Amino acid sequence: MDSVKPAPMSSKKTKLARTFAKVLHIRMLTGVSPINGTPKGDRIVAKNVGKQSGSFDCSDEDQQDRAAMEAFLAKLFASTTALKAAYAQLQYAQSPFDVDGIQAADRTIVSELKRLSELKRCFVKKQFDLLPENAMLSAELLEQKSVVKIYEVSVKKMNSQVRLKDSEIIFLKEKLEEAKSNNKVLEKRMNQSGSLFMLENLQISAINTNHFARVLRQTVKTVRTFVELLIDEMKSAGWDIGEAASAIEPDIVYFKDEHKRFAFEAFVCRVMFEGFHFPNFGLPNESLPEKQQQKKLYFRRFTEAKSLTWKELVNEKPKSTFAKFYRAKYLQLIHQKMESSLFGNTRQRRQVSSGEIPESEFFGTFADMARWVWLLHCLAFSFDPEASIFQVSKGCRFNEVYTKAVTEEVLLLSTEPELRVAFTVVPGFKIGNTVIQCQVYISKSQQQEQQQQEHQLKQPVQKKTEVR
């Protein structure tokens, strides 16, 4: 009986095991079976197994190379950010021109460019850091510092822009104040000479109604300026403008709320023009000039006063007729209770009564208005015969010969067949055969409106007739 030889059998098994292991290793790596009949699902499983096996096969050397490359990129980005910060510093130092700042920024730029060149050399020769973690932390720190520098430069630039804008604002404010001052000077010159330019070198024998109309227009303008200021003071003091207007001119229906200011203009004109038809303006203890000298006297007063401000008139002659006039008119126009309500005290009345000049915008506006009323009075008595003043009573028929509406829209809005005068705002004047119309407000009274409504209600209702 032949003996069994195990060696060849063992050799065959070993060879078979190596072949199987080799096939299995190929399938695990590629996920592809060398046998065409292997199902698709097996290939997927083999592929997944291959991936898992690959992850376990990653060496420490690959991880170190990856970390070194990440550290290199971090240093590259940090150096680029530092270069950007240095360039921003260079731009900031150029405006305004800063020599030291430019030189420092230039040195930083050169240093960062050298660092980039060194990084390029290291990349080409594959000379990376042996301690990539420390290199990454250092690069991150450098990048954060550069970002902070960029923000600091941006803040400095914004602060410079803010300072520049502030200086521009200050400059524009100064220009505005200068323009306002120039406007005041021009307005003063216009009031003193511009509006009376045609009255320069005027002789008494040459005066006519055109001169009077020019002075009257300027007088009305100052009245309206004072009324606007008075209404603003009333509003600030909490006055009800509607009730105040109704107290001055009761039972008036205004087409617009803003038309209520005409009631205040009418009140101011009534007070300021009261006594206008008297040569002494109705002032007590004021002597009347002789009839023969009256015309020359008033024309001389007019020519002397037309080129001076109200303050210059008072300072030159504190006891003149004009000084007595504006003091009496202020005390008559601004009641003690009104002044106390508007300003909280009656200090201006006490100053005016004692002959002092209140230093306030309110009083200055009033005094300028009083000066023009005074000039108009002097010019009126320079005519021969003198100019006469008139006004139209409430409810009178509107007549275009003697009256003129203060606002044309009232004429358009009114549906009355015959217009009636609500009240006179600015008085009219008659010089010889020439009439300067008085300015009036046209409106229906509340009683007229109520009567019209009652009349409409009493009218029979007409029956409708059906047409068949």
Side-chain angles (χ1 to χ4, degrees), residues 180 183-184 187-188 191 218-252 254 256-276 281-284 309-315 318 322-376 406-407 422-427 439 441:
K180 288 182 178 179
N183 286 340
K184 289 182 179 180
E187 185 177 359
K188 180 180 178 181
N191 292 338
Q218 186 61 32
T219 304
V220 174
K221 180 180 178 181
T222 58
V223 168
R224 289 175 177 165
T225 301
F226 174 75
V227 168
E228 289 178 1
L229 181 59
L230 178 62
I231 292 176
D232 290 340
E233 294 292 345
M234 288 180 173
K235 290 179 179 179
S236 300
W239 283 47
D240 189 323
I241 303 302
E243 291 185 1
S246 297
I248 298 173
E249 295 292 342
D251 301 331
I252 299 299
Y254 296 93
K256 294 183 178 180
D257 286 341
E258 61 187 36
H259 290 175
K260 293 177 181 179
R261 64 183 175 87
F262 293 121
F264 295 94
E265 290 183 16
F267 170 72
V268 173
C269 286
R270 278 200 298 267
V271 174
M272 297 303 297
F273 285 97
E274 184 180 352
F276 189 91
F281 224 127
L283 296 175
T309 64
W310 68 268
K311 189 173 288 188
E312 291 171 344
L313 285 173
V314 176
N315 290 334
F322 170 72
K324 296 178 182 179
F325 166 75
Y326 86 82
R327 288 170 186 151
K329 290 299 181 181
Y330 181 84
L331 298 177
Q332 184 182 357
L333 180 64
I334 308 301
H335 193 270
Q336 182 176 356
K337 292 183 179 180
M338 176 187 287
E339 184 174 310
S340 178
S341 175
L342 296 180
F343 308 111
N345 55 62
T346 58
R347 182 169 56 88
Q348 293 188 95
R349 286 182 63 84
R350 294 195 301 269
Q351 288 179 317
V352 172
S353 299
S354 61
E356 299 179 14
I357 300 177
E359 296 293 336
S360 68
E361 180 185 4
F362 183 81
F363 183 80
T365 306
F366 163 80
D368 187 55
M369 173 185 65
R371 167 181 169 267
W372 281 98
V373 174
W374 174 256
L375 286 173
L376 188 68
V406 288
T407 173
F423 55 87
T424 297
V425 180
V426 180
Q439 301 180 27
Y441 187 76

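Residue numbers start at 1 and run along the sequence shown. Because the structure is predicted, anything quoted here is derived from the model rather than measured.
- The aromatic rings of Phe366 and Tyr330 sit perpendicular to each other, their planes meeting at more than 60°, with 30° as the lower class boundary.
- Remark: side-chain polar atoms of Glu249 are not paired, donor with acceptor, to backbone N or O of Phe423 under 3.5 angstrom.
- Contact detail for Val373 and Met272: the closest heavy-atom pair is CG1-O, 3.7 Å.
- Across every non-hydrogen atom of Ala266 and Thr424, the tightest pair is CB-O, 3.3 Å.
- Going from atom CG of Leu342 over to atom CD of Gln348 covers 9.5 Å, rounded to the nearest 0.5 Å.
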Apply side chain to side chain contact (heavy atoms under 4.5 Å, CB included) to Ile357 and Asn315, showing your working. CA-CA 10 Å; Ile357 300 177; Asn315 290 334; 3.8 Å; yes
*asked:* I'd like to know whether Met369 forms a side chain to side chain contact (heavy atoms under 4.5 Å, CB included) with Val268, so could you lay out the CA-CA distance, the side-chain angles of the two residues, the decisive distance to 0.1 Å, and finally the verdict.
replied: CA-CA 10 Å; Met369 173 185 65; Val268 173; 3.7 Å; yes
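- Side chains of Tyr441 and Glu265 form no contact here, defined as non-hydrogen atoms less than 4.5 Å apart.
- Using modelled atom types, no side-chain atom of Ser340 and backbone atom of Gln336 make a donor-acceptor pair closer than 3.5 Å.
- A distance of 6.0 Å separates CZ in Phe362 from CG in Leu229, rounded to the nearest 0.5 Å.
- Checked against side-chain hydrogen bond (donor to acceptor under 3.5 Å, both in side chains), Glu274 has the following partners two or more places apart in sequence or in another chain: Gln332.
- Between the CD1 atom of Ile231 and the NZ atom of Lys260 there is a distance of 11.0 Å, given to the nearest 0.5 Å.
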Can you list the steps and then say if Phe267 with Leu333 is a side chain to side chain contact (heavy atoms under 4.5 Å, CB included)? CA-CA 9 Å; Phe267 170 72; Leu333 180 64; 3.6 Å; yes
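- Residue Arg327 comes nearest to Pro318 through the heavy atom pair NH1-O, 3.2 Å, listed as atom of the first residue, atom of the second, then distance.
- When every heavy atom of Thr219 is checked against every heavy atom of Trp372, the shortest pair comes out as OG1-O, 3.4 Å.
- The line from CZ of Arg371 to OH of Tyr326 is 14.0 Å long, rounded to the nearest 0.5 Å.
- When every heavy atom of Met338 is checked against every heavy atom of Trp239, the shortest pair comes out as CG-CH2, 4.1 Å.
- Between the CD atom in Gln439 and the CZ atom in Phe262 there is a gap of 9.0 Å [rounded to 0.5 Å].
- A donor-acceptor pair is defined here as one N or O able to donate and one able to accept, closer than 3.5 Å; no such pair exists between the side chain of Arg261 and the backbone of Arg224.
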Thr346 vs Arg350, side-chain hydrogen bond (donor to acceptor under 3.5 Å, both in side chains): CA-CA, chis, key distance, verdict
CA-CA 7 Å; Thr346 58; Arg350 294 195 301 269; 3.0 Å; yes
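- With rounding to the nearest 0.5 Å, the separation of CG in Leu375 from OG1 in Thr222 is 9.5 Å.
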**Prompt:** Are Phe363 and Trp310 close enough, and set up right, to give a ring pair (Phe, Tyr, Trp, His ring centres under 6.0 Å), and what steps lead you there?
**Reply:** CA-CA 11 Å; Phe363 183 80; Trp310 68 268; 5.7 Å; yes
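- Within the 3.5 Å criterion, the main-chain N or O of Lys221 finds a donor-acceptor partner in the side chain of Thr225.
- In plain terms, the two heavy atoms of Leu283 and Ala328 that are nearest each other are CD2-CB, 4.1 Å.
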